[in-house]
Amino acid sequence: MPQRPPPPHDATELLARAEALAGHRLGDLAVWLDLDVPADLRRHKGWVGQLLELALGAESGSLAEPDFPQLGIELKSLPVDAQGRPRESTYVCTAPLEAVTRGAWEESWLARKLARVLWVPVEAEAALPLAERRIGTPLLWSPDAEEATLLRRDWEELTERICHGELAAITARFGEVLQIRPKAAHSRVLTRTVNSEGELEWVNPRGFYLRPHFTGAILRRHFDLPTA
DNA sequence: TGATGATCATTA
DNA sequence: TAATGATCATCA
């Protein structure tokens, strides 16, 4: 493998690259890419995702667009336990808090980001040193009809509440497959929203997250994994 | 033990 | 500040 591959030309090439990584350990990738493996992820929370970006040829940067803009594909690493079940929720995108108009689901930032996702499972058991964690078989996924319906339903309900200035009432308990949670370096980071009185208010930024049971169902639908 | 709310690093 | 990459830490 080249040390830092250029962007893939098409989805097939991207998937082939990801499949070539399956079974290898994070420490192997770090060597190939000439990167140091942190002792733990406490102060390097995005390290695994960025390692995969480099290994697959994604353009680095924190732009509000898919990791592979030409292909319309979003890359997501998915921390899984020994049974292949996701251990964490998956961040998708920032939740719009200020200029929220009732747009169509199809045109939403969320729907566009989730239109095509390359899921890369990565072992993530606390006892397993970072360098020894293995990369799993990747999955190039698009929502099926049922998944799209679930996502759309949650998105519409949550967006509606924000439209009504009810952000303050939204907790992570809303949403069957999708949730809104704080997304910031710390609780003092503020962004603007409009409350139910129509007044400007400063609140902690939020993001849309996929619940683990949803991403777990995606893996089970495509791979023959235990239901438990 | 799982889910929620809080937090960390980096780039533009 | 706001977007990206996420996991941490606490509590029910």
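Keep in mind that the numbers below use all heavy atoms, side chains included, and drop hydrogens, waters and symmetry copies. Naming: A, B, ... by sequence-line order, numbering from 1 per chain.
- Heavy atoms of A:Glu65 sit nowhere under 4.0 angstrom from any nucleic acid atom.
- Closest to the A:Lys76 side chain, of the nucleotides C:dT7, C:dA2, C:dG5, is C:dG5.
- Across all strands, A:Ala184 comes closer than 4.0 Å to base atoms (heavy-atom distances).
- Heavy atoms from other residues, nucleotides or ligands lying under 6.0 Å from CD of A:Glu146 number 12 at most.
- Taking atom CZ of residue A:Arg181 and atom P of nucleotide C:dC8, one finds them 13 Å apart after rounding to whole Å.
- Judged by distance alone with a 3.5 Å cut-off, a donor-acceptor contact links the side chain of A:Lys183 to the base of C:dG5.
- Contact of A:Tyr209 with C:dA6 (side chain to base): a donor-acceptor pair of N or O atoms is detected under 3.5 Å.
- Across the protein-nucleic acid pair, A:Arg42 atom CZ and C:dG5 atom C1' stand 19 Å apart, rounded to whole Å.
- Distances were taken from every side-chain heavy atom of A:Tyr91 (C-beta onward) to each of B:dA3, C:dA6, B:dG5; the shortest belongs to C:dA6.
- Among the protein residues, A:Arg87 comes within range of no part of the nucleic acid, since none of its heavy atoms lies under 4.0 Å from any strand.
- When the C1' atom of C:dA3 is taken as reference, atom CZ of A:Phe208 falls 15 Å away, rounded to whole Å.
- Residue contacts shown for A:Pro79 are limited to sugar-phosphate atoms, with no base heavy atom under 4.0 Å away.
- Side-chain atoms of A:Thr191 lie closest to C:dA2 of the nucleotides B:dT4, C:dA2, C:dT4.
- The distance from atom CG of A:Leu35 to atom C1' of B:dA9 is 15 Å, rounded to the nearest whole Å.
- If A:Gly49 and A:Trp202 are placed on DNA chain C by their nearest nucleotide, the residue sitting closer to the 5' end is A:Trp202.
- Remark: A:Asp144 CG is packed, more than 12 non-hydrogen atoms of other residues, nucleotides or ligands lying under 6.0 Å away.
- Among the atoms of the strands shown, base atoms are found under 4.0 Å from some heavy atom of A:Gly46.
- Atom pair A:Arg133:CZ and C:dA6:P shows a separation of 14 Å (rounding to whole Å applied).
- In the displayed structure, A:Glu19 atom CD is contacted under 6.0 Å by more than 12 heavy atoms of other residues, nucleotides or ligands.
- More than 12 heavy atoms of other residues, nucleotides or ligands sit less than 6.0 Å from atom NE2 of A:His222.
- Between A:Arg192 and C:dA2 there is no side-chain N or O to OP1 or OP2 distance below 4.0 Å.
- Between A:Arg152 and A:Ser108, the side chains place no donor N or O within less than 3.5 Å of an acceptor N or O (distance only, hydrogens not considered).
- Using a 4.0 Å heavy-atom cutoff across all strands shown, A:Ala172 reaches sugar-phosphate atoms only and no base atom.
- Counting only heavy atoms from C-beta on, A:Arg43 has its side chain closest to B:dC8 among B:dT4, B:dC8, C:dT4.
- Distances were taken from every side-chain heavy atom of A:Ser187 (C-beta onward) to each of B:dT7, C:dT4, C:dC8; the shortest belongs to B:dT7.
- The shortest distance between the side-chain N/O atoms of A:Thr94 and the OP1/OP2 oxygens of C:dT4 is below 4.0 Å.
- At the heavy-atom level, A:Trp109 lies under 4.0 Å from the strands shown only through sugar-phosphate atoms.
- No single ILVMFWY cluster, assembled from side-chain heavy atoms under 4.5 Å apart, contains both A:Leu114 and A:Tyr91.
- For the pair A:Asn204 and A:Gln179, nearest-nucleotide mapping onto DNA chain B gives the more 5' position to A:Gln179.
- Between A:Leu190 atom CG and C:dT1 atom P there is a gap of 8 Å when expressed in whole angstrom units.
- In this structure, A:Lys113 reaches the C:dT4 phosphate: one of its side-chain N or O atoms is under 4.0 Å from OP1 or OP2.
- For A:Thr171, the side-chain atoms get nearest to B:dG5 when compared with the rest of C:dC8, C:dT4, B:dG5.
- In this structure, OG1 in A:Thr94 is found 11.0 Å from CG in A:Leu110, a value given to the nearest 0.5 Å.
- When the side-chain nitrogen and oxygen atoms of A:Ser77 are compared with OP1 and OP2 of C:dG5, none of them lie within a distance under 4.0 Å.
- Atoms CD (A:Glu123) and C1' (C:dT7) sit 17 Å apart, rounded to a whole Å.
- Here B:dC8 presents its C1' atom at 14 Å from CD of A:Glu88, a figure rounded to the nearest Å.
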